[in-house]
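Working notes, beginning with the structure itself.
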Amino acid sequence: MDDGQVQELEHLITGALAPHLGDASVYSGDVDVKIKLDERQKKGKVWVGIPEPSPLLIDDALMDKLTTILTTVGFPLITVFPPDGLTLVDTHSNDIATRRALEWDFIEGAYTRVSYDSFDDIHPIKIGQKYYLPLMKGYNMIFDQFGNTQNNSAYSGPSGSGKSMAAMVMLSAMINPIRKWNGKDYVMTNQKLADELIVISPKNDKNLYDFCQKHGITPMVPASHGFVTNVIEKLNSLLELCQQRQAQIIKGVSPAIMPYKVLYLDEGLYLSQMTRDRKQRQELDSMLTSLLITARSAKVVIVITSQTMSDQVLNTSARDQLNNRFLFGNPNGPSDSTRFLFKNWHNQLVIHRDEYSFGTGIASMESNGSRLVSFLSPFIKEIAQ
């Protein structure tokens with residue numbers, strides 16, 4: 001944006017805020033909006049100064065209300081990020097009445113959907129000295145050059161919302177670069193890949209089954225009445241691996257020589273509903289919680305999809321270990337699904353949409369500062385055909 005566009009946007013925001021703030025100050029009534037843009041970094045701050053003394057109660061509720069206005073008015077020139085709570089900044093004004101302002105972070109422009117011809121085309125790209133997987137234009141998940149990431153991730157949403165496809169994008173990024181880097185510093189054959197990637201598919205989803213077949217992976221599916229028992233045993237063996245690796249690291253073994261292990265659990269709610277009794281359900285819950293707590297330090301990555309991330313699937317301690325969170329569908333709807341993944345959600349984010357009807361929602365990634373953003377899942381052309 002040039003200086004003229006910045007000033008125009010400042011005036012637009014001031015006008016949009018005015019009906020909601022009324023006489024903001026008993027002295028002047030003026031609200032001072034400043035956009036501070038770093039043109040090189042393409043990001044900046046929005047300041048909203050409310051002169052004191054003011055009849056307004058400056059609290060989290062006001063911050064949420066103004067956030068909704070800013071995310072709407074700013075789009076698509078800037079993307080405003082909802083803050084965790086009331087955020088004040090010193091304006092360094094010579095007038096004590098205007099010495100403070102509310103502050104929001106933003107980036108220039110808006111995140112837009114990326115597309116891939118097929119899952120085979122998905123792999124991290126090098127930007128500077130790091131590798132990233134573009135999930136939206138300008139919104140990237142951090143990977144290393146061999147397709148590894150230490151991000152435990154959850155994808156939640158109703159059937160048909162696109163959560164499983166989004167998760168398979170992440171899995172593809174872990175698989176495809178391995179083949180592209182074959183013969184370099186790290187070699188992984190198809191058989192080893194099958195050993196390192198564990199896929200649990202309670203609903204035996206066809207798209208996931210085809211994905212696994214293509215990459216030489218045998219998913220765990222409900223082939224017998226002992227399916228949940230087998231899953232718990234597999235989780236237990238993975239937990240033992242985590243504990244073994246932690247013991248080795250304490251003794252001085254470098255984690256760098258340890259290959260990543262990946263667990264993908266599809267439709268966690270369905271798996272929970274398959275448990276035969278309370279004891280088995282508690283055992284499953286205990287295993288998942290212990291794994292999520294220990295996985296990251298032991299180079300184990302856990303990816304879970306579910307219609308909801310309620311206590312039926314993951315308890316609070318387990319959800320707190322999730323680095324990346326994606327919710328598909330309408331986060332402002334009557335469902336409680338949103339609050340399980342996003343504790344501080346207050347309907348303050350406007351959801352962006354495009355010409356596609358699927359894969360829309362909200363997201364938060366650790367590599368992006370855990371900021372809450374409107375999310376558009378990658379479009380896979382071969383699936384849409």
Side-chain angles (χ1 to χ4, degrees), residues 84 124 129-133 135 139-156 163 166-175 177-178 186 188 192-193 195-200 231-232 234-266 268 271 284-306 309 311 313-327 340-343 363-372:
D84 291 333
Q129 298 300 313
K130 295 183 179 181
Y131 287 79
Y132 300 88
L133 172 66
L135 296 181
Y139 190 71
N140 306 310
M141 182 182 291
I142 294 179
F143 279 71
D144 66 20
Q145 60 185 339
F146 308 117
N148 299 321
T149 176
Q150 285 187 283
N151 294 303
N152 294 325
S153 303
Y155 298 80
S156 181
K163 62 181 181 296
M168 287 164 62
V169 168
M170 181 178 178
L171 294 182
S172 297
M174 297 177 185
I175 293 173
I178 292 168
Y186 187 79
M188 181 178 277
K192 188 172 183 181
L193 177 60
D195 293 338
E196 303 298 347
L197 179 54
I198 301 169
V199 176
I200 301 174
V231 168
I232 292 175
K234 177 64 73 172
L235 297 179
N236 185 58
S237 65
L238 189 56
L239 179 59
E240 289 178 351
L241 174 66
C242 290
Q243 294 167 343
Q244 291 169 5
R245 287 184 170 186
Q246 287 177 326
Q248 291 175 325
I249 292 171
I250 290 174
K251 293 179 179 178
V253 177
S254 172
I257 68 172
M258 301 175 181
Y260 277 86
K261 196 85 170 179
V262 181
L263 169 67
Y264 175 50
L265 170 58
D266 192 46
L271 176 62
L284 178 63
D285 179 74
S286 176
M287 283 294 168
L288 286 173
T289 302
S290 297
L291 271 173
L292 280 163
I293 291 174
T294 60
R296 191 171 186 179
S297 63
K299 294 186 70 173
V300 173
V301 180
I302 299 176
V303 182
I304 300 176
T305 72
S306 182
M309 290 295 167
D311 290 341
V313 182
L314 296 174
N315 60 40
T316 302
S317 297
R319 288 194 297 268
D320 287 345
Q321 309 306 315
L322 298 170
N323 312 101
N324 300 331
R325 302 157 186 245
F326 302 87
L327 177 71
F340 290 118
L341 281 182
F342 305 99
K343 299 177 183 178
S364 170
M365 292 198 303
E366 189 175 77
S367 59
N368 193 52
S370 297
R371 291 168 169 164
L372 197 61

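Numbering starts at 1 and runs along the sequence shown.
L135 contributes atom CG, which lies 5.0 Å from atom CE of M141 (distance to the nearest 0.5 angstrom). Going from atom CG of L291 over to atom CG of L263 covers 7.0 Å, rounded to the nearest 0.5 Å. In this structure, CD1 in I257 is found 9.0 Å from NZ in K299, a value given to the nearest 0.5 Å. Of the inter-residue distances, the one linking K261 atom NZ with L241 atom CG reads 6.5 Å to the nearest 0.5 angstrom. Atom CZ of R325 is separated from atom CG of L372 by 10.5 Å, given to the nearest 0.5 angstrom. Here the straight-line distance linking atom CG of L265 with atom OG1 of T305 works out to 6.5 Å at 0.5 Å rounding.
The side chain to side chain donor-acceptor pair (under 3.5 Å) search around S306 returns none, not counting sequence neighbours. Under the side-chain contact (heavy atoms from CB on, under 4.5 Å) criterion, I142 pairs with Y132, S367, not counting sequence neighbours. Listed by chain and residue number, nothing satisfies the side chain to side chain donor-acceptor pair (under 3.5 Å) test with Y139 (two or more places apart in sequence, or in another chain). Scanning for side chain to side chain donor-acceptor pair (under 3.5 Å) contacts around N140 gives an empty result, with sequence neighbours left out. Partners of R319 according to the salt bridge (charged side-chain N to carboxylate O under 4.0 Å, His left out) rule, which considers only residues two or more places apart in sequence or in another chain, are D311. F326 pairs by the ring-ring contact (aromatic ring centres under 6.0 Å, His included) definition with Y155, F375, not counting sequence neighbours. In terms of the side-chain contact (heavy atoms from CB on, under 4.5 Å) criterion, residue partners of V262 (sequence neighbours excluded) are, by chain and number, L171, M174, L197, V301. Taking the salt bridge (charged side-chain N to carboxylate O under 4.0 Å, His left out) definition, one finds that D320 meets it with K343, sequence neighbours left out. Contacts of S370 classified as side chain to side chain donor-acceptor pair (under 3.5 Å), with partners at least two apart in sequence or in another chain: none.
At distances below 3.5 Å, at least one donor-acceptor pair connects side-chain atoms of N323 with backbone N or O atoms of N152.
What you find for S297 and Q246 is that their closest heavy atoms are OG-NE2, 3.0 Å. Residues M258 and I249 share a closest heavy-atom pair of CE-CG1, 3.7 Å. The two residues K163 and S156 make their nearest non-hydrogen contact at CD-C, 3.9 Å. Heavy-atom minimum distance, L341 versus L327: CD1-CB, 4.5 Å. Between A298 and R245, the shortest heavy-atom distance links the atoms O-NH1, 2.9 Å. When all heavy atoms of P124 and A173 are compared, the closest pair comes out as CD-O, 3.7 Å.
A 4.5 Å side-chain heavy-atom check between L235 and L288 finds at least one atom pair inside the cut-off.
Applying the side-chain hydrogen bond (donor to acceptor under 3.5 Å, both in side chains) test to pairs two or more places apart or on separate chains, those with a residue in residues 284-296 are D285-N315, T289-N315, R296-E366. Residue pairs that meet the salt bridge (Lys or Arg N to Asp or Glu O under 4.0 Å) test with at least one member in residues 248-260, sequence neighbours left out, do not exist here.
A side chain to side chain contact (heavy atoms under 4.5 Å, CB included) with L322 is found for exactly one of I302, N151, L314, V303, namely L314.
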